Structures are given as structure tokens and as C-alpha cells.
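The block underneath contains the structure these notes are about, expressed in C-alpha cells.
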Amino acid sequence: MTTLPPVLTIAGSDSGGGAGIQADLKTMLALGVHGMSVITAVTAQNSVGVQGYWELPVDAVRAQFSSVVGDIGVRAVKTGMIASVPLAELVSELLSTIEAPVVVDPVCASKHGDPLLSAETVATVRERLLPRATVATPNVYETALLTGVKVRSQTDLRPAAEALLALGPRWVLVKGGHLEGDAVDLLYDGEREFRLLAPRYDNRHTHGTGCSLASAIAARLALGDDVPTAVAAAKDYVTGAIKNGFPLGAGIGPVDHAWHWRESMQL
């Protein structure tokens with residue numbers, strides 16, 4: 001009997017199914033691990049935007065974590081949007097009780113650079129969550145909010161990674177997908193530097209990209225990869241998902257989490 005490594009996502013629910021908990025669990029299924037969830041918030045959300053947002057109580061988040069980790073255990077954790085100071089403090093506390101690798105997607109700015117969290121919550125993410133990270137995966141706008149370093153071109157990726165690393169994570173992956181040219185991400189641990197390149201596809205249906213990438217890294221770590229191998233495999237997976245993103249509703253559709261299955265079946 002096959003036992004799948006259990007991987008936990010701590011994030012918000014996207015009712016439209018493109019990002020958040022839903023994207024995380026689809027990614028984990030696609031990569032061969034058992035996905036579990038701790039839901040921090042519920043959204044009313046679709047392809048055109050977010051119509052409502054409700055945080056769960058701290059006690060509810062704590063109870064979910066204790067329930068699954070205490071019984072099932074966990075081989076890797078991914079955190080997503082944690083949109084308040086009390087929840088960020090709680091998640092930091094919970095992560096201190098486990099030894100599994102943690103991928104922190106510090107969701108605090110949109111893909112257009114608009115802040116998503118209050119300044120106080122950003123500070124808590126910076127001071128409490130990033131030091132818990134095995135890998136932190138900010139985009140260029142989140143990097144600027146967290147460090148003050150603005151990434152305008154690929155030459156800015158290394159200084160940004162150094163500034164992020166000073167905040168405590170073991171590795172940082174600065175995502176350069178919003179820069180001009182090919183999609184270049186920089187993975188850095190203070191000594192080793194890896195630049196991961198992928199072609200840029202002309203596809204507007206990219207909802208859930210960041211969630212899926214962080215979840216894919218966590219899944220690969222749970223399967224036994226070291227960090228550079230896990231990140232490279234995750235980027236390959238997400239690049240295919242972006243290439244095959246599809247229209248859904250009236251706005252921006254999701255990436256295709258099952259793209260490799262469809263290709264193998266020639267559908």
C-alpha cells in the first residue's frame with residue numbers, strides 16, 4: 001500500500017477555485033502528495049475579483065492545525081495569505097512546534113503592486129513568519145514592501161535576495177515574473193545562487209501562479225528533494241500550468257494544475 005507524504009497548506013479559501021487553498025490542494029495532488037489544509041479566511045471570489053473576505057478566529061485556526069498535525073503529522077508546510085497580526089503571530093507560533101520544512105509565500109502585494117495587508121501585518125510577516133521559512137517566495141512588489149529594495153530589472157534580483165535573506169529565511173526565491181523578458185527567478189542562500197529561466201507565454205489566465213509555485217516547492221521538499229532541486233521542479237510544473245491556463249468566467253482564468261495529465265492523455 002502506497003503512503004503519500006502529508007503536506008499542509010495554511011492559507012485562505014478561494015471560492016472560485018483558482019488560488020488559495022484550492023490551488024494548493026490541486027498542486028499537491030498533481031505532484032503526488034497528500035494535501036491537508038488549515039483555512040485562515042474565507043473569500044467570496046471569482047474570475048473578476050474578490051467580493052468579500054472573512055477571517056477565521058484564531059482558535060479555529062489553532063484547532064485545525066492541532067487536529068491534522070497531531071494525528072497525521074506533516075512532511076512540509078506552505079503558508080499563503082495570512083491577513084492580520086493575530087493570525088500571523090499564531091502561525092509563527094504553530095510553525096515553531098514542527099521540524100518540517102516551511103515554504104512561506106508572503107502574500108502582501110498584488111501582481112500589480114497594490115498592498116494587500118496593513119503596514120502592521122506586513123511588519124509581523126517580516127519579523128515573525130520569514131524567520132520560520134526554509135524558503136520564502138516573494139514577488140518583486142512583496143520584496144519591496146518587506147525590504148525597501150525595489151527590483152526594476154534582473155540586476156536588482158541579487159541585492160533584493162540579500163536583503164530578504166537578512167530577515168531570517170534559509171533560502172529566498174525572488175520571483176521576477178513581473179520584469180521584462182523571460183521569466184527569471186533568483187534562488188539564493190547567501191552562498192549559492194541559482195537563476196531559473198522559463199519562457200514567457202502570452203496567456204492572461206494566470207490566476208493562482210504564486211500559490212501553486214509555493215505549494216509545488218513544499219510538495220517536492222516532502223518527497224525528499226533538496227531546496228534547489230525542489231524549486232527547479234516546481235518552476236517547471238508551474239511554467240506548464242501557466243502555458244495551459246484557461247478562460248473561466250468573465251475575467252482572468254486559472255493556471256491548469258492538471259496540464260501534464262492532459263498532455264499525457266493527449267486531450
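Please read all numbers here as calculations on a predicted model, not as lab measurements.
Ser118 and Thr121 share a donor-acceptor pair across their side chains, judged by distance under 3.5 Å alone. With no hydrogens or angles considered, a side-chain donor-acceptor pair links Ser212 and His257 at under 3.5 Å.
Between the side chain of His205 and the main chain of Gly245, no donor-acceptor pair closer than 3.5 Å is present. Looking only at distances, no side-chain donor or acceptor of Thr229 sits under 3.5 Å from a matching main-chain atom of Asp225.
The pair Asp185-Lys235 meets the salt-bridge criterion, since a charged nitrogen lies less than 4.0 angstrom from a carboxylate oxygen. With respect to Lys150 and Asp156, no salt bridge is recorded, no charged nitrogen being found less than 4.0 Å from a carboxylate O.
Applying the salt bridge (Lys or Arg N to Asp or Glu O under 4.0 Å) test to Glu120 and every residue at least two apart in sequence or in another chain returns nothing. For the salt bridge (Lys or Arg N to Asp or Glu O under 4.0 Å) test, no residue two or more places apart in sequence or in another chain qualifies with Glu55. Under the rule for a salt bridge (Lys or Arg N to Asp or Glu O under 4.0 Å), the partners of Asp256 that lie at least two apart in sequence or sit in another chain are Arg262. Asp236 pairs by the salt bridge (Lys or Arg N to Asp or Glu O under 4.0 Å) definition with nothing, not counting sequence neighbours.
Here the side chains of Val172 and Leu187 are not in contact, with every heavy-atom distance at 4.5 Å or above.
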Validation: residues 128-135 side-chain donor-acceptor distances under 3.5 Å, sequence neighbours left out:
from   : atom 1 : to     : atom 2 : distance (Å)
Arg132 : NE     : Ser92  : O      : 3.3
Arg132 : NE     : Ser92  : OG     : 3.3
Thr134 : OG1    : Val102 : N      : 2.9

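Here Trp54 is tied to no hydrophobic group at all, with no ILVMFWY side chain closer than 4.5 Å.
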